[in-house]
Amino acid sequence: MRDDHPNETAALQAVADQLGIGSRETLRNWVKQHEIDAGTRPGTTTEESAQLKALKKENAELKRANEIR
């Protein structure tokens, strides 16, 4: 697809538009997360991220409960 566009930015935007996701930055983030989940790039997997989010939410709820007492 890149051959049809003058530069990488234009090619990324065309793919993002074609997929209906808006910005090329969103597309970059999706690709990055896919690489992390596939184990080809270091980082936090989607599953680990969901676990961290749940723990943070639980922690916030416990803090609020302690403040009420």
Side-chain angles (χ1 to χ4, degrees):
M1 178 162 215
R2 187 171 177 190
D3 295 336
D4 298 339
H5 299 88
N7 56 42
E8 183 180 6
T9 301
L12 284 171
Q13 189 60 54
V15 171
D17 291 344
Q18 183 180 18
L19 295 173
I21 59 172
S23 76
R24 60 185 177 275
E25 189 60 35
T26 300
L27 178 63
R28 281 191 188 107
N29 289 338
W30 284 7
V31 170
K32 178 181 175 184
Q33 189 60 55
H34 174 74
E35 291 171 349
I36 291 170
D37 289 344
T40 58
R41 180 184 188 124
T44 304
T45 66
T46 304
E47 184 178 333
E48 292 167 340
S49 180
Q51 292 171 349
L52 289 172
K53 186 176 179 181
L55 287 172
K56 286 178 182 179
K57 181 178 178 184
E58 182 180 345
N59 189 34
E61 290 171 355
L62 289 171
K63 282 182 180 180
R64 279 194 296 276
N66 283 334
E67 291 172 359
I68 293 172
R69 292 182 192 179

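All heavy atoms count here, side chains included; hydrogens, waters and symmetry mates do not. Since the structure is predicted, the reported quantities are computational estimates derived from the model, not experimental observations.
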Quiz item: For Glu48, what residues pass the salt bridge (charged side-chain N to carboxylate O under 4.0 Å, His left out) criterion, not counting sequence neighbours?
Solution: none
Quiz prompt | Separation between CD of Gln51 and OG1 of Thr45, rounded to the nearest 0.5 Å | solution = 7.0 Å
Quiz prompt | Residue pairs passing the side chain to side chain donor-acceptor pair (under 3.5 Å) test where at least one lies in residues 31-42, sequence neighbours excluded | solution = Gln33-Asp37, Gln33-Thr46, Glu35-Arg41, Asp37-Thr46
Practice problem: Please determine if Glu25 and Arg28 form a salt bridge, counting it only when a charged side-chain N lies under 4.0 Å from a carboxylate O. | Solution: yes
Quiz prompt | Non-neighbouring partners of Ser23 that pass side-chain hydrogen bond (donor to acceptor under 3.5 Å, both in side chains), sequence neighbours left out | solution = Thr26
Quiz item: Looking at CD of Glu61 and NZ of Lys56, how far apart are the two atoms once the value is rounded to the nearest 0.5 Å?
Solution: 14.5 Å
Quiz item: Would Ile36 end up clustered with Val31 when hydrophobic side chains under 4.5 Å apart are linked, directly or stepwise?
Solution: no
Self-check item: Donor-acceptor pair, side chain of Gln13 and main chain of Gly22, under 3.5 angstrom
Solution: yes
